[in-house]
Protein chains: 2
Amino acid sequence: MAPNLTERRLFILKLVVQEFIETANPVASEALVRKFGLGFSSATVRNDLAALEELGYLTHLHTSAGRVPTDAGYRFFVENLMERTSLSLVEQRMIRHQFYQVRGELDQWIQLAGAVLARTAQNASLVTPPRAEQLRFKNLELISIHETMVLAVMVFHSGIIKQQTFGLDGVRTSEDLRRCAGRMSEALADLTLSGVEELLAQDAVRPHPTFGEFERVVIGLVTHAMQAFEEQAREHIYSDGLLEMLSQPEFIPALARDDAERAVERLRRALDILKSGRGLGQLIPQALASEGVQVIIGGEHSEDEMREYSVVLARYGVGGAVTGVLGVIGPTRMAYPRSISTVRYISSLMSNLLSELYAGESRPPVEE
Amino acid sequence: MAPNLTERRLFILKLVVQEFIETANPVASEALVRKFGLGFSSATVRNDLAALEELGYLTHLHTSAGRVPTDAGYRFFVENLMERTSLSLVEQRMIRHQFYQVRGELDQWIQLAGAVLARTAQNASLVTPPRAEQLRFKNLELISIHETMVLAVMVFHSGIIKQQTFGLDGVRTSEDLRRCAGRMSEALADLTLSGVEELLAQDAVRPHPTFGEFERVVIGLVTHAMQAFEEQAREHIYSDGLLEMLSQPEFIPALARDDAERAVERLRRALDILKSGRGLGQLIPQALASEGVQVIIGGEHSEDEMREYSVVLARYGVGGAVTGVLGVIGPTRMAYPRSISTVRYISSLMSNLLSELYAGESRPPVEE
DNA sequence: GTTAGCACTCTCAAGGGTGGAGTGCTAAGG
DNA sequence: CCTTAGCACTCCACCCTTGAGAGTGCTAAC
């Protein structure tokens, strides 16, 4: 800690950050003294504020404006000043209850997690589906939709399902299809993508005794589906809470300190980020490789588009087996303590649910 | 047609609407004469504009402002003045090509339709998944995830799939599960929701000979899934193109005639409508029951929230069997000809794709 | 090191004036 | 009777000014 950071200055920094987070207005020396009944005068506070500005933790937009935290200021706040809180037990219980109501429906969890994150942190949320690092084939079913049209349902370990329809050359009975599906299921069981590809390659060299044209088409289909999935899983990000984020003053022209113009421009930018995932860059893979809650603040992003946003992320999942990332995204003036505790809670809740699903053993109840 | 609607007045009305749609600025008499080289003076145009205003097709916000179409004006334009155009062949081909690339993946169609609609009409889009008016059970598969956890995959006619995991009391082998699934598949085959419910009810009165506790749990699961689906299908609307809609001047404060405030308020409203489907009211069921492209303009909506928006909708699907709705939503100042032709094209394209899938017979190629 | 006092800076909101755009009306012309 | 030129009138949009208020930075005294 820098030498000229006295106890008092730290305290004042903390107050400034908290106050700005709460009110979204630049905070003035006088106001601090008044609001918190500090035992020293506003002139003293002014000196300290100037010192904190010198250190790079605060700025002000013009001479007669109050102070505003810089990214470094938020960072310092998050690392050293913030009190580590948890969601209230009531909130925790309400959240658990909601998850209980959609038990068994994995894809609902993701949506629910997104919605709860957004609502609780009052910002946008993003969730990636849990992803096994390697998809393993489990089972195949072929269902005739009509004479020449077949629906293939592929089930993978970890409960992921892909469906795909395709046309036939000739007509096949359902019995025929069922037998074929059984045969294929056996042949492909437990294979990963590379395993399936290998099988296909071998078959090209020395044709498999029981495979016909049809079987090869199906294997091609499976390969395609697995490839598509691996690709898409890397990309696809579910997001929610635009409306919640929009209720932040940064996006409300009347309240925005600067031009109304910019409020909307900001909004467009935010939408773009959430929709395309552009700007998130390496954040997701990075979070997947880390433990605990990651906080990335404004200019710390590698992407310039994110200069005005902060992201709070955490990994969830069981062991190294099935993992995803979830988090909150919002303006740098974000209620970090709340966002962090929300993300932490939801990620551990999701981890528990997943481990119940996959390991059959539940961890001790989530507690903070 | 009202008696004092001369040829010329109709022509002028058409020009005003087109011009306003294009520029988003109130259109002045002088400007019309200049831009289109009309063979009569601005004073004449002014008289006609006044007459058209008298008839309720135009307004102006204050004495010295140009004319703006009313909802009735748009309506008249759409019904009587607009030229019925089609998408260019190049566009049609590009769109077809994109659909070709995701052939076989039904849920991708929906997303693609949403994206294409939005991009082509430069507004937000909404698409409901194709829905059979009655879900019919086809097939069930039970897959053991681990000892006490089972994944149920339910397949319905029309290729809809639902999955649900659930816990077991005891341990069961996969062989056991498979047999059970086969038994259940047979028992429930081709039943609708009410059929399954009836079966369950009968079983309560006089227990089915081959059903055990486990079978009853599974039937309960199926019922639940079917109920959830029927409920959700009614509700769930996929939407896209927020960004496209945001690029309309109505949402850009600098260009909005009125306050910047309102541009953002409008936006929040639009987001809310798209996310919750609130405000769409009876539109979807109505569109499902109609043929052709429906246009609902501003105040014609039953819901007041939609006063500033128009919706262009069309049903798609095969016969009465599997149908959905897709369309475009945007400010009343919408490029109706383009929106309508886009919606018409995409809906007939989707219908073709679906009929290929379900009927095995393809309609003649889509052409306008 | 702390504080009171004060000059200075900058924003924000309100007021007033001006130019321009566009209409509505009237009276004259075809 | 329809069309048109001319003109007064209205209202917005923009600019400028002004004054109040907020908050700082500095200085000198404690």
Side-chain angles (χ1 to χ4, degrees), chain A residues 3-12 15-16 19-20 23-35 37-54 58-69 249 252-263, chain B residues 3-12 15-16 19-20 23-35 37-54 57-69 249 253-263:
Chain A
N4 41 2
L5 269 181
T6 63
E7 265 316 299
R8 192 183 62 208
R9 286 182 180 166
L10 292 178
F11 182 59
I12 288 179
L15 288 185
V16 171
E19 192 62 8
F20 185 66
T23 66
N25 286 322
V27 358
S29 55
E30 184 66 35
L32 275 183
V33 174
R34 212 169 346 102
K35 177 153 181 181
L38 300 180
F40 32 86
S41 80
S42 66
T44 308
V45 176
R46 273 203 292 287
N47 286 332
D48 289 344
L49 289 177
L52 288 165
E53 181 159 0
E54 186 71 23
L58 300 176
T59 4
H60 51 177
L61 308 162
H62 53 87
T63 31
S64 76
R67 293 312 204 290
V68 166
I252 301 177
L255 300 179
R257 259 29 220 134
D258 43 12
D259 247 338
E261 287 283 328
R262 295 195 47 195
Chain B
N4 41 2
L5 269 181
T6 63
E7 264 317 300
R8 191 184 61 209
R9 286 184 179 165
L10 292 177
F11 182 59
I12 287 179
L15 287 185
V16 172
E19 192 62 8
F20 184 67
T23 66
N25 286 323
V27 358
S29 55
E30 183 67 37
L32 275 182
V33 174
R34 214 170 344 103
K35 176 151 182 181
L38 301 179
F40 32 86
S41 81
S42 66
T44 309
V45 176
R46 271 203 293 287
N47 286 332
D48 290 343
L49 290 177
L52 289 165
E53 181 159 358
E54 187 70 24
Y57 295 139
L58 300 175
T59 5
H60 51 178
L61 308 162
H62 51 89
T63 30
S64 75
R67 293 311 203 292
V68 165
L255 301 178
R257 261 23 225 139
D258 43 11
D259 247 338
E261 285 285 327
R262 295 195 45 194

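For clarity, every value in this text was computed on a predicted model and none was experimentally measured. Naming convention: chains lettered A, B, ... in sequence-line order (proteins, then strands); numbering from 1 in each chain.
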What integer distance in Å separates B/Leu58:CG from C/dG22:C1'?
-> 15 Å
Length of the line joining A/Glu54:CD and D/dT24:C1', which is rounded to integer Å | 16 Å
For DNA chain D, what residues of residues 40-48 of chain A have any heavy atom nearer than 4.0 Å?
-> A/Arg46
Expected rows: protein N/O vs nucleotides 28-30 of chain D N/O, under 3.5 Å:
none

Select from B/Arg8 and B/Ser64 the residue whose nearest nucleotide in DNA chain D is closer to the 5' end of that strand.
-> B/Arg8
To the nearest angstrom, how far is A/Leu61 atom CG from D/dT24 atom C1'?
-> 13 Å
Rounded to the Å, how far apart are B/Asn25 CG and C/dG20 P?
-> 19 Å
Please list, chain by chain and in numerical order, all residues satisfying salt bridge (charged side-chain N to carboxylate O under 4.0 Å, His left out) with B/Glu54, sequence neighbours excluded.
-> none
Among all residues two or more places apart in sequence or in another chain, which pass the side-chain contact (heavy atoms from CB on, under 4.5 Å) test with B/Ala43?
-> B/Ser41, B/Arg46
Under 4.0 Å between a side-chain N or O of A/Arg67 and OP1 or OP2 of D/dG25?
-> yes
Within less than 4.0 Å of OP1 or OP2 of D/dG23, is there a side-chain N or O belonging to A/His62?
-> no
May I have the distance from B/Leu38 (atom CG) to D/dT3 (atom C1'), rounded to whole angstrom?
-> 14 Å
Whole-Å distance separating the CG atom of B/Leu49 from the P atom of D/dT4 | 14 Å
note: B/Glu30, atom CD; D/dA5, atom P; distance rounded to Å ~ 10 Å
With sequence neighbours excluded, what pairs up with B/Glu30 under the salt bridge (charged side-chain N to carboxylate O under 4.0 Å, His left out) test?
-> none
Do you know the tightest heavy-atom contact between A/Ser29 and A/Ser42?
-> CB-O, 3.7 Å
All heavy atoms of A/Leu58 vs all of A/Glu53, minimum pair found to be O-CG, 3.5 Å
Those residues at least two apart in sequence (or on a different chain) that pass salt bridge (charged side-chain N to carboxylate O under 4.0 Å, His left out) with B/Arg34 are none
Around atom CZ of A/Phe40, are there more than 12 heavy atoms of other residues, nucleotides or ligands at under 6.0 Å?
-> yes
Would you mind reading off the distance between A/Leu52 atom CG and D/dG25 atom P, rounded to a whole angstrom?
-> 12 Å
Test applied, side-chain contact (heavy atoms from CB on, under 4.5 Å); reference residue, A/Val27; option that passes from A/Leu49, A/Val68, A/Leu32 | A/Leu32
Please determine if A/Arg67 forms a cation-pi arrangement with A/Phe20, meaning its NZ or CZ atom is less than 6.0 Å from the six-membered ring centre and no more than 45° off the ring axis.
-> no
